[in-house]
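One structure below.
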Amino acid sequence: MENLLEYLHKLRHDFSKMSLDESMVDVDPVKQFDAWFRAAVEGKVNEPNAMVLSTVDENNRPSSRVLLIRNYDEYGFVFYTNYRSRKAKSIEKNNKATLLFFWPELERQVRIEGTLVKQTAEESDRYFNSRPRGSQLGAWTSPQSEIIADRKVLEDELAEIEKKFNGKDIPRPEWWGGYLLVPDRIEFWQGRPSRLHDRICYLKENGLWKIVRLAP
């Protein structure tokens, strides 16, 4: 490719598959999310449960990373992580966060803003016990977000953890568990031609959801 900048300037994709109107959406944003999530699964979107979690630390420095959603219901949206990780340290200082789902095959994205709260130990235990054994071992092995000398550090630690729990059930580490994002703003974005996209936003006001349309 001779001129990458020229290529970037010309790179275009006009969205034209579907539309989104206020009359088409459910009055409950979680039910609307469920409908879109099911459509993403049925449409064979690659990793439909992948989402970007964005947090801000005590120095107002934003950070984003891709995680997997593991549950959602009328209370909010759940993911799991190491409570000693960079993201968890940011959440301790500022528990406001945003989730972003992007399903390019359907020309859709969903942005969810709200407040993060830790799940109970019982809820985290229940999910941890459902994980594959390899994932359980990984939770014990990795000092997530910490600087390590090389890959061998992880491999050696994994070997020790495998020995420790050989022939035994693996309990959940106390430093690993779930967060629930309790939403107060959820936006559904449907790509449309000429960049005049449809944006339907739910805003929580006095405990009730208000539906508005946003300019693209």
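Judged as a salt bridge (Lys or Arg N to Asp or Glu O under 4.0 Å), and not counting sequence neighbours, the contacts of Asp21 are Arg213. Gln32 meets the side chain to side chain donor-acceptor pair (under 3.5 Å) test with no other residue; sequence neighbours excluded.
For Trp36 and Phe101, the distance between ring centers is not under 6.0 angstrom. Ring centers of Phe33 and Phe188: at least 6.0 Å apart, outside the cut-off.
Heavy atoms of other residues, nucleotides or ligands lying less than 6.0 angstrom from NZ of Lys31 number 12 at most. The environment of Arg65 atom CZ is dense: over 12 non-hydrogen atoms of other residues, nucleotides or ligands sit within 6.0 angstrom. Other residues, nucleotides and ligands contribute more than 12 heavy atoms inside 6.0 Å of the CD atom of Glu74.
For the pair Glu6 and Lys10, the salt-bridge criterion is met [side-chain N within less than 4.0 Å of a carboxylate O]. A salt bridge links Glu187 with Arg199; the closest basic N to acidic carboxylate O contact falls under 4.0 Å. Salt-bridge annotation for Arg126 and Glu123: absent, with no side-chain N of the basic residue lying under 4.0 Å from a carboxylate O of the acidic one. The pair Glu155-Arg151 meets the salt-bridge criterion, with a side-chain N (NZ, NE, NH1 or NH2) lying under 4.0 Å from an Asp/Glu carboxylate O. Comment: Glu58 does not engage Lys93 in a salt bridge, judged by the lack of any side-chain N to carboxylate O separation of less than 4.0 angstrom. Using a 4.0 Å cut-off between charged nitrogen and carboxylate oxygen, Asp57 and Arg61 do not count as a salt-bridge pair.
For residues 51-70, there are no ring pair (Phe, Tyr, Trp, His ring centres under 6.0 Å) pairs, not counting sequence neighbours.
Counting only distance, with no hydrogens or angles, the side chain of Ser124 and the backbone of Ala121 share no donor-acceptor pair below 3.5 Å. Listed for the Asn3 side chain is a donor-acceptor partner under 3.5 Å among the backbone atoms of Leu5.
A cation-pi contact, defined as under 6.0 Å to the ring centre and within 45° of the axis, is absent between Lys210 and Tyr202. A cation-pi arrangement is absent between Arg108 and Trp189 under the rule of less than 6.0 angstrom and at most 45 degrees off the ring axis.
In summary, the side chains of Ser63 and Lys87 do not present any donor paired with an acceptor at a separation below 3.5 Å, with no hydrogens or angles considered. Side chains of Thr55 and Arg86: no donor on one and acceptor on the other come within 3.5 Å.
Grouping the Ile, Leu, Val, Met, Phe, Trp and Tyr side chains by contacts below 4.5 angstrom, directly or via other members, places Val52 apart from Leu106. Linking ILVMFWY side-chain heavy atoms closer than 4.5 Å, directly or via other members, places Val78 and Leu99 in two distinct hydrophobic clusters.
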I'd like to know whether Ser19 forms a side-chain contact (heavy atoms from CB on, under 4.5 Å) with Arg192, so could you lay out the CA-CA distance, the side-chain angles of the two residues, the decisive distance to 0.1 Å, and finally the verdict.
CA-CA 7 Å; Ser19 62; Arg192 295 297 303 278; 3.2 Å; yes
Between Ile200 and Met24, is the side-chain contact (heavy atoms from CB on, under 4.5 Å) condition met? List the steps.
CA-CA 10 Å; Ile200 302 299; Met24 300 165 59; over 6 Å; no
Between Tyr83 and Trp176, is a ring-ring contact (aromatic ring centres under 6.0 Å, His included) present by the stated rule, with each step listed?
CA-CA 5 Å; Tyr83 287 146; Trp176 190 98; 7.9 Å; no
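Considering Ile91, Leu181, Leu180 as possible partners of Val117, the one that fulfils the side chain to side chain contact (heavy atoms under 4.5 Å, CB included) test is Leu180.
Aromatic ring pairs are classed by plane angle as parallel below 30°, tilted from 30° to 60° and perpendicular above 60°; the pair Tyr127 and Tyr80 is parallel.
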